[in-house]
K.L.:
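Encoded as structure tokens, here's the structure I'll be asking about.
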Amino acid sequence: VTWNTAISSFSQSKQFGEALEFFKFLLYMGVDPDGVTIASVLPSCSHLELLNLGKEIHAYVLRNQDLSENSFVVSALVDMYCNCKQVREARQLFNDTRPRNVALWNTMLAGYTLNGCFDEALMLFIEMLENSGVCPNPTTIASVLPSCVHSQSFADREGIHSFIIKYGFGGNSYVQNALMDMYSRIGKIDISEGMFDTIGSKDIVSWNTMITSYVVCGRHSDALALLHEMHRLGQQND
RNA sequence: CGAACAUUG
């Protein structure tokens with residue numbers, strides 16, 4: 001338990017290397033890791049793209065009934081495979097896993113989006129809505145929105161917006177930012193502008209999204225004005 | 001008690 005808190009504090013402060021070092025040290029000491037340890041250390045493999053270590057951990061998980069049934073562990077494994085560009089492996093694991101909770105679906109959707117498999121992401125999203133019995137949450141929406149933007153075969157961009165409102169996710173800042181980004185990418189920057197003005201708590205991503213939207217459509221003076229306002233309000237950026 | 005997934009760059 002003490003070890004787990006050490007590992008999770010490492011990985012939550014983005015010190016992935018340290019988390020892994022500590023994990024290896026624990027194994028060396030003969031401690032056998034539980035589900036929390038595994039789920040805490042896997043994001044480190046994921047972000048550092050250490051596929052081989054991730055596979056070793058997967059092998060270890062397969063040898064242990066409790067670990068294989070831990071939903072946190074399975075999601076973390078799927079995420080690790082996606083971040084290492086092993087979408088096939090991730091999907092395999094996803095297919096073999098039951099029951100599938102929201103986070104597992106979210107992980108798979110985000111993985112498809114990350115790897116540019118936009119149509120697959122949308123297909124999976126539809127499958128989730130139709131026959132999974134699992135309800136989407138704001139994370140689901142924020143994972144799948146970029147795929148709506150980039151997929152050629154998805155035309156109904158406003159449809160997804162009303163869908164979001166219907167589910168009551170319109171107030172989530174991740175969703176708001178993703179929607180702003182979507183509208184500016186399809187050339188409806190006036191809608192992005194309107195959303196930006198009504199967002200109560202603008203974060204760095206909101207500002208960045210709006211500023212770069214102005215830049216890409218050639219409204220450089222608006223971009224600069226917004227940049228200055230951001231600095232005036234004391235936001236961070238780099 | 002503590003652990004996994006998301007939006008711009």
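Just the heavy atoms: all of them, side chains too, but no hydrogens, waters or symmetry mates, feed the values below. Sequence lines set the chain letters: A, B, ... in the order given, protein chains first and strands last, and positions in each chain run from 1.
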K.L.:
Can you tell which of B:rU7, B:rA3, B:rA4 lies closest to the side chain of A:Val205?
P.N.:
B:rU7

K.L.:
Within this structure, what is the NE2-to-P distance between A:His150 and B:rU7, rounded to whole angstrom?
P.N.:
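It works out to 12 Å between those atoms.
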
K.L.:
Roughly how many Å is it from NZ in A:Lys202 to P in B:rU8, rounded to a whole number?
P.N.:
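It is 19 Å, rounded to the nearest whole Å.
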
K.L.:
With heavy atoms under 4.0 Å as the rule, sort A:Asn137 into base, sugar-phosphate or nothing.
P.N.:
nothing

K.L.:
State whether A:Gln12 places a side-chain N or O below 4.0 Å from either non-bridging phosphate oxygen (OP1 or OP2) of B:rA4.
P.N.:
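Result: yes.
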
K.L.:
Given atom OH of A:Tyr167 and atom C1' of B:rA6, what is their separation to the nearest angstrom?
P.N.:
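Distance check: A:Tyr167 OH to B:rA6 C1' gives 18 Å.
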
K.L.:
Contact class for A:Ala142 vs. all strands (heavy atom < 4.0 Å): base, sugar-phosphate, or nothing?
P.N.:
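Base contact - A:Ala142 has a heavy atom under 4.0 Å of at least one base atom.
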
K.L.:
Send over the distance from A:Glu193 CD to B:rU8 P, rounded to a whole Å.
P.N.:
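Taking CD of A:Glu193 and P of B:rU8, I get 20 Å after rounding.
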
K.L.:
Please give me the minimum heavy-atom distance between A:Asn70 and A:Gly35, naming the atom from each residue.
P.N.:
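It is ND2-CA, 3.9 Å.
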
K.L.:
Let's see if you can work this out: which of B:rG2, B:rC5, B:rU7 has an atom nearest to the side-chain heavy atoms of A:Asp34?
P.N.:
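Comparing B:rG2, B:rC5, B:rU7 against the side chain of A:Asp34, the answer is B:rG2.
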
K.L.:
Kindly point out which of B:rA3, B:rC5, B:rU8 is positioned nearest to the side chain of A:Thr209?
P.N.:
B:rU8

K.L.:
Can you figure out which of B:rG2, B:rA4, B:rU8 approaches the side chain of A:Ser75 most closely?
P.N.:
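Of all the options, the side chain of A:Ser75 is nearest to B:rA4.
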
K.L.:
What heavy-atom pair brings A:Leu122 and A:Ser147 nearest, and what distance separates the two atoms?
P.N.:
CD1-O, 4.0 Å

K.L.:
Using side chain to side chain donor-acceptor pair (under 3.5 Å), reason through A:Glu193 and A:Tyr214 one step at a time and then give a plain yes or no.
P.N.:
CA-CA 9 Å; A:Glu193 240 176 342; A:Tyr214 279 141; 2.6 Å; yes

K.L.:
Expressed in angstrom and rounded to an integer, what is the separation of A:Phe22 atom CZ from B:rG2 atom P?
P.N.:
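From A:Phe22 CZ to B:rG2 P: 19 Å.
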
K.L.:
If only side-chain N and O atoms count, and only distance matters, is there a donor-acceptor pair under 3.5 Å linking A:Asn64 with A:Asp32?
P.N.:
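Note: A:Asp32 and A:Asn64 side chains miss the donor-acceptor criterion.
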
K.L.:
What's the CG-C1' distance between A:Leu124 and B:rC5, to the nearest Å?
P.N.:
13 Å

K.L.:
Pick base, sugar-phosphate or nothing for A:Asn83, based on heavy-atom distances below 4.0 Å to the nucleic acid.
P.N.:
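Here A:Asn83 touches no strand at all.
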
K.L.:
Which nucleotide in the list B:rU8, B:rC5, B:rA3 gets nearest to the side chain of A:Asn208?
P.N.:
B:rU8

K.L.:
Could you tell me the separation between the CZ atom of A:Phe72 and the P atom of B:rA3, rounded to a whole number of Å?
P.N.:
8 Å

K.L.:
Could you check if a side-chain atom of A:Thr140 sits within less than 4.5 angstrom of a side-chain atom of A:Phe169, using non-hydrogen atoms only?
P.N.:
no

K.L.:
What integer distance in Å separates A:Leu77:CG from B:rA3:P?
P.N.:
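That distance rounds to 18 Å.
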
K.L.:
Within the structure shown, what part of the strands sits under 4.0 Å from A:Ala39 by heavy-atom distance: base, sugar-phosphate, or nothing?
P.N.:
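The answer is base, as A:Ala39 lies within the cut-off (heavy atoms under 4.0 Å) of a base atom.
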
K.L.:
Tell me whether the side-chain N/O atoms of A:Arg185 come closer than 4.0 Å to OP1 or OP2 in B:rG9.
P.N.:
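True: A:Arg185 side-chain N/O within range (under 4.0 Å) of B:rG9 OP1/OP2.
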
